[in-house]
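Below is one structure, written out as structure tokens; comments come after it.
What's counted below: heavy atoms across the whole structure, side chains too, no hydrogens, waters or symmetry copies. When a residue number appears, it is its place in the shown sequence, counting from 1.
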Amino acid sequence: MAKLRMSKETQADDGVPPDAATAIPLHLALPDLPGGQDKSLKRVSDVLAPLDHGQKLQLYKMIRDGYLEDMAEPVAQMLVTMLNGRRSEHARRVWTGLFDALILRDASLLTSGVRLAGALHLADVSAWWFALAPRMEPLVGRVQETVARLAKDQPLNEIFSSAEAQSWADELRQRSLAVLARLRATPAEATAFLAEVSGFRAQMLKRHGVRQREGVARAELERMETILLAAPAWADQPLPSMLHGDPVRLAREMVRRGDCTREGAAMFAVAGLHRRDDAALATRLFEAFPVAVAKDAIIGRLLVAAEALKATLTGSFLSKPGLLVADAVDDRDHPSAQLQHFLAWYDAVHALELDTTDRERNMVHQAFRELSNAVHEDLAPVLARRIEALTMHSVLDPLMERVRFVNEFQAQLARRGIVSSGKPWRAEDGNHVATVFRRLSSTGAAEGLRTLGQLADLADMLSYPIEITALDIALAGVIEAALRQQKTFGAAETRLIDRVIAVSSDERKRCRWWVAPEVVTLLDAAEKSGIAGTAKK
């Protein structure tokens with residue numbers, strides 16, 4: 001391992017600063033090792049074991065570049081063994097690297113009933129490899145043996161990123177294309193091959209506890225050829241360019257330079273669409289590449305968004321009725337955010353007029369039907385029962401969050417001219433909320449104002465608002481007491497206070513000669529609190 005004895009000057013030319021050792025925590029630095037070499041190596045092994053992969057790689061490079069002169073070779077060899085771990089499918093890793101731009105590692109896509117056009121999970125790529133590998137011998141064996149030999153002295157990360165590995169990958173790519181071309185020329189053999197791919201994919205999915213819903217279609221044979229032909233053009237595009245750049249612009253430039261065909265560039269842009277999951281990108285993508293894979297990918301994203309929303313509605317919203325979802329999940333996973341995401345994909349499909357065939361229209365309509373059923377047949381009836389069970393001591397936030405979502409769902413469908421299942425809330429629901437409101441206001445306790453404000457908001461959401469009049473003396477007393485305590489009020493409380501004061505002000509203006517004492521004292525408390533719009537005495 002002569003490379004381990006590189007001088008400081010050589011190391012500096014490689015761009016590693018002289019103080020690179022400080023990047024590793026001091027408490028993890030190697031101790032002063034007494035005793036024989038075996039004992040020392042055991043202690044070194046104990047110190048290195050807790051390091052993560054990146055730290056071990058960094059330490060290996062330090063040893064290689066001459067920072068640890070004593071025992072450099074045995075420690076470096078130990079690090080190589082640790083870094084490489086139990087990885088043994090070397091030829092497979094070289095080949096799957098061709099698909100890095102397309103591979104999605106989102107486990108939810110495995111359980112989804114939607115196969116996204118132009119997107120591959122690692123399980124898909126592995127299935128193709130297992131079917132192709134025996135047909136690419138002896139090349140596969142040669143690559144496997146070469147990497148295994150090099151891996152005795154080098155980290156696999158460095159081997160796979162080397163120019164030599166790129167050469168092996170291209171050999172495997174060319175050989176794969178030759179196999180696929182032969183298969184296309186013999187339909188019977190192609191059918192048997194695709195059955196093998198489906199079988200391997202089913203095994204891979206089974207390891208994740210997922211049952212394969214459909215086999216690998218014949219069209220995917222041609223699509224795999226397109227990917228393999230375009231792979232060299234994609235290799236120059238780093239992954240961040242797909243995540244944060246403009247994959248459509250990059251794909252158009254590939255075509256302009258002649259790096260790959262329009263079909264190959266379209267696959268790159270579609271892969272960027274899947275990684276970004278951005279409906280705004282869909283319009284530009286289809287306008288630039290109006291091909292079948294782009295169309296299928298956009299409709300597929302609509303169906304995936306519908307599935308995700310439905311799963312949340314039947315999960316968090318129904319199985320955890322007392323949980324305020326807004327406090328429990330990432331904002332993007334909240335049902336309201338998921339609804340907007342789904343509608344963005346629907347609007348893109350509608351604007352691009354992609355649902356032109358009966359099959360496509362049925363898929364889109366089915367997604368809407370399933371969502372509508374989840375809201376109107378599952379969620380709304382459960383909420384109605386919870387409204388019936390309300391008392392003046394109930395916690396209202398989770399219930400109101402769900403009622404608000406149902407109303408938002410209704411409004412969004414109506415905005416798009418989509419027929420819904422009618423009003424989800426009954427007069428009985430509104431009447432019960434009003435009854436609880438009256439019962440709580442009759443206690444006259446200022447501490448109940450927050451709940452009163454929420455009940456008033458809930459009644460408004462149910463489209464059965466609570467009527468407030470100047471005769472609500474007990475309610476006026478609750479608000480007067482709260483105002484005199486100089487409290488800071490929340491939004492629901494403020495809305496209720498404003499309504500009651502407005503009614504009281506109108507009453508004093510209407511009845512100039514006599515007003516109930518409770519109304520006068522309320523308006524006096526409001527004026528002293530600085531409530532805007534309060535009538536003067």
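When all heavy atoms of Gly453 and Leu496 are compared, the closest pair comes out as N-CD2, 3.7 Å. Considering all non-hydrogen atoms of both residues, Ala230 and Gly264 come closest at CB-CA, 3.7 Å. Closest heavy-atom contact between Ala233 and Met254: O-CE, 4.1 Å. The minimum heavy-atom distance linking Gly448 with Leu440 is given by the pair O-CD2, 3.7 Å. Smallest separation of non-hydrogen atoms from Arg361 and Thr356: NH1-O, 2.5 Å. Leu273 and Asp278 get closest at one heavy-atom pair: CD1-O, 3.4 Å.
Counting only distance, with no hydrogens or angles, the side chain of Asp124 and the backbone of His121 share a donor-acceptor pair below 3.5 Å. His274 places no side-chain N or O within 3.5 Å of a backbone atom of Ile103 that could act as its donor or acceptor partner. The backbone N or O of Arg438 lies less than 3.5 Å from a partner atom in the side chain of Ser441, making a donor-acceptor pair.
Just one residue in the list Glu408, Arg404, Glu401 forms a side chain to side chain donor-acceptor pair (under 3.5 Å) with Ser336, and that residue is Glu408.
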* To do: Decide yes or no on side chain to side chain contact (heavy atoms under 4.5 Å, CB included) for Asp52 and Gln55, but give the supporting numbers first.
  => CA-CA 5 Å; Asp52 63 27; Gln55 290 170 320; 3.2 Å; yes
* For side-chain hydrogen bond (donor to acceptor under 3.5 Å, both in side chains), just list the numbers for Arg416 and Gln412, CA-CA rounded to whole Å, side-chain angles, deciding distance to a tenth of an Å, and then say yes or no. => CA-CA 7 Å; Arg416 288 162 177 80; Gln412 293 289 357; 2.7 Å; yes
* Applying side chain to side chain contact (heavy atoms under 4.5 Å, CB included), run through Ile227 and Leu102 and close with a yes or a no. => CA-CA 9 Å; Ile227 294 170; Leu102 265 73; 3.4 Å; yes
* To do: Please step through salt bridge (Lys or Arg N to Asp or Glu O under 4.0 Å) for the pair Arg93 and Glu89, ending with a clear verdict.
  => CA-CA 6 Å; Arg93 176 64 188 89; Glu89 297 285 338; over 6 Å; no
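Between atom OG1 of residue Thr451 and atom CG of residue Leu458 there is a gap of 11.5 Å, rounded to the nearest 0.5 Å. Separation of atoms CD (Glu467) and CZ (Phe437) is listed at 11.5 Å; rounding is to 0.5 Å. The line from CZ of Arg262 to CZ of Arg252 is 8.0 Å long, rounded to the nearest 0.5 Å.
In this structure, Trp425 has no ring pair (Phe, Tyr, Trp, His ring centres under 6.0 Å) partners at least two apart in sequence or on a different chain.
Applying the salt bridge (Lys or Arg N to Asp or Glu O under 4.0 Å) test to residues at least two apart or on different chains, the pairs with a partner in residues 439-450 are Asp397-Arg450. Residue pairs that meet the side chain to side chain donor-acceptor pair (under 3.5 Å) test with at least one member in residues 455-464, sequence neighbours left out, are Asp457-Arg495.
Side-chain atoms of His365 and Asp355 include no donor-acceptor pair closer than 3.5 Å. Side chain to side chain, Thr226 and Glu263 fail the donor-acceptor criterion of an N or O pair below 3.5 Å.
Ring geometry for His350 versus Tyr346: interplanar angle under 30°, hence parallel rather than tilted (30 to 60°). Using cut-offs of 30° and 60° on the angle between ring planes, the pair Phe268 and Trp234 is tilted.
Side-chain atoms of Phe342 and Leu371, non-hydrogen and from C-beta on, do get closer than 4.5 Å to each other.
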